[in-house]
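Here the structure is laid out as structure tokens; the discussion comes afterwards.
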Protein chains: 2
Amino acid sequence: MVLPRAAKTQRRTRIQEEKEERILEAALEVFSAHGFRGATVDQIADVAGMSKPNLLYYFRTKEAMHRALIDRVLDTWLDPLRAFDAEGNPVAEIRSYIRRKLEMARDFPRESRLFANEVLQGAPHIEDELKGPLKELVDEKAEVIRAWTKAGKIAKCDPYHLIFAIWSTTQHYADFDVQVRAVLGQGSSGEGRFEDAARFLERLFVDGLQVSEQPIS
Amino acid sequence: MVLPRAAKTQRRTRIQEEKEERILEAALEVFSAHGFRGATVDQIADVAGMSKPNLLYYFRTKEAMHRALIDRVLDTWLDPLRAFDAEGNPVAEIRSYIRRKLEMARDFPRESRLFANEVLQGAPHIEDELKGPLKELVDEKAEVIRAWTKAGKIAKCDPYHLIFAIWSTTQHYADFDVQVRAVLGQGSSGEGRFEDAARFLERLFVDGLQVSEQPIS
DNA sequence: TGATAATTTGACCGGTTGGTAAACATTACA
DNA sequence: TGTAATGTTTACCAACCGGTCAAATTATCA
């Protein structure tokens, strides 16, 4: 047989799982760094440590690899938003969401850039995911937030733009990492960056910039 | 002479200025939509309405075009931050900066995406600009903000992360436009999006999410 | 073990890409 | 007007890219 391929076999061989794993890891590395068009199959094969035809034995096309990668990563990427709890304390929930998102920007910057690259260029490969599962999840959580504002538990605000603001501020530290580093300079290049960001963002979202304490004098 | 090129001639001919203008406009369109690597010279030539060799007569290489485009756009892109006035009212200055940045995201989304694409992929072509002029400008304005916090005019906060937060939240509406549209759905597809965002962001940065008025009941 | 299926590889292909060479056309200007 | 500089085009190239193919190698299991 010349075309068993992963898709046709009922059970995954040990070797299949291992190789597909290695390929997707390499694909994440390359796609996140160069975008879909900027990435080359040779590059991915090289990072995965196998020949190009061998790689194409497991994923027929570059698009198939990208699709498989998106499918695998999207779910875990949305986990923090799913954890948003309608029953919890509003301010604590938002604070916790910010913290989780920031941790993901720190620990999984490649995943963040994978989506950023895609969305930035018009989301040609993930339009359905955006309009489908993503929108539904956001709609659901926006309703939770709206209930909180109506109950007077947090300040009245547009829940969608609140979510956008949390996304953008946290993912900024993954997507625009080089810029953040360039501006902060060598001094703050360690992990302290994320702790400072966490402190700032928690305060921003909870208190805003209005003076909350009187100056010491 | 076979190599007069723009660089060699002392004075720019009328025709040179016109063509270079058209080329940079087309380059902005294509680079911002596909990134440096994703853009092709043929595409740019097509959008500019001229043949590829003709285009390469004015800019020797794809890189030269990109470089010229960056140089031209970066200055105006940083204008809002330059307008940040140390003598003004702190809260009013920040509010005004947010508004300007949001207007730029609305009116010049291509410029925003041009930089976003570049930075996202590690800023291989603008590293010097980031570490040089950008960092210096940010350092200067951060000092202004720090003075405000020390004087107790606004809440104590890290000025760098404040600037990052304003950048990310405002540019989000340009860079991640398709995602914003997908999540908001058809209903809010008009310009109202930006007015809502402006209202939300002003409130967020000034007041935070803490309840500032008692619920009506 | 032997045969069958699964995996891997080198050679290759057609299309695209950034860029060039040189002939041709147009403009500027003495 | 004539001519030299400037601008434009057609044809082309070498490198690269996604993907194929058939042969070779390795794993599976009766």
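Letters go in sequence order (proteins before strands), and every chain restarts at 1.
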Item to complete: With the side chain counted from C-beta on, respond yes when A/Asn117 and A/Phe31 share a heavy-atom pair under 4.5 Å apart, and no when they do not.
Response: no

Worksheet item: Heavy atom of residues 114-129 of chain B under 4.0 Å from DNA chain D: which residues?
Response: none

Practice prompt. Would you kindly give the CG-to-P distance between B/Leu56 and D/dC12, to the nearest whole Å?
Written response: 19 Å

Discussion item. Let's see if you can work this out: which of D/dC21, D/dG18, C/dT20 has an atom nearest to the side-chain heavy atoms of A/Lys62?
Written reply: D/dG18

Fill in: N or O in side chain of A/Tyr58 less than 4.0 angstrom from C/dA6 OP1/OP2
no

Worksheet item: Atom CZ of A/Phe108 and atom CG of A/Leu28: how far apart are they, to the nearest 0.5 Å?
Response: 10.5 Å

Discussion item. Go nucleotide by nucleotide along DNA chain C from the 5' end; which of A/Leu55 and B/Thr61 gets its closest nucleotide reached first?
Written reply: A/Leu55

Item to complete: Answer whether the closest heavy-atom distance between the side chains of B/Leu201 and A/His161 falls below 4.5 Å.
Response: no

Worksheet item: Do the side-chain N or O atoms of A/Asn54 get closer than 4.0 angstrom to the phosphate oxygens (OP1, OP2) of C/dT7?
Response: no

Discussion item. Does C/dA6 have its OP1 or OP2 closer than 4.0 Å to a side-chain nitrogen or oxygen of A/Gln16?
Written reply: no

Discussion item. Using 0.5 Å steps for rounding, measure from the CG atom of A/Leu78 to the CD atom of A/Glu129.
Written reply: 10.5 Å

Discussion item. If you go through the side-chain atoms of B/Lys52, does one of them form a donor-acceptor pair with the base of C/dG19 closer than 3.5 Å?
Written reply: yes

Worksheet item: About how many Å separate CG of A/Leu24 and CD1 of A/Ile70, when rounded to the nearest 0.5 Å?
Response: 11.0 Å

Discussion item. Rounding to an integer number of Å, can you tell me how far B/Glu20 CD sits from D/dT6 P?
Written reply: 14 Å

Practice prompt. Report yes if at least one side-chain N or O of B/Tyr57 is closer than 4.0 Å to OP1 or OP2 of D/dG7; otherwise report no.
Written response: yes

Discussion item. Counting only heavy atoms and a strict 4.0 angstrom limit, can you tell me which residues of residues 30-51 of chain A come near DNA chain C?
Written reply: A/Arg37, A/Ser51

Worksheet item: Quick one: CG on A/Leu130 to CZ on A/Phe115, what's the gap to the nearest 0.5 Å?
Response: 9.0 Å

Practice prompt. Calculate the interatomic distance between B/Phe59 atom CZ and D/dT8 atom P; express it in whole Å.
Written response: 13 Å

Worksheet entry | Ring center gap for A/Trp167 and B/Tyr173 short of 6.0 angstrom | no

Practice prompt. Give B/Lys19 one of three labels, base, sugar-phosphate or nothing, depending on what nucleic acid heavy atoms sit under 4.0 Å from its own.
Written response: sugar-phosphate

Item to complete: Using the side-chain hydrogen bond (donor to acceptor under 3.5 Å, both in side chains) rule, take A/Asp139 and A/Tyr160 through it: C-alpha gap first, then chi angles, then the decisive distance, then the call.
Response: CA-CA 8 Å; A/Asp139 281 342; A/Tyr160 289 95; 2.5 Å; yes

Discussion item. Less than 4.5 Å apart, side chain to side chain, heavy atoms only: is that true for A/Leu114 and A/His66?
Written reply: yes

Fill in: A/Arg22 CZ to C/dT7 C1', straight-line distance once rounded to whole Å
13 Å

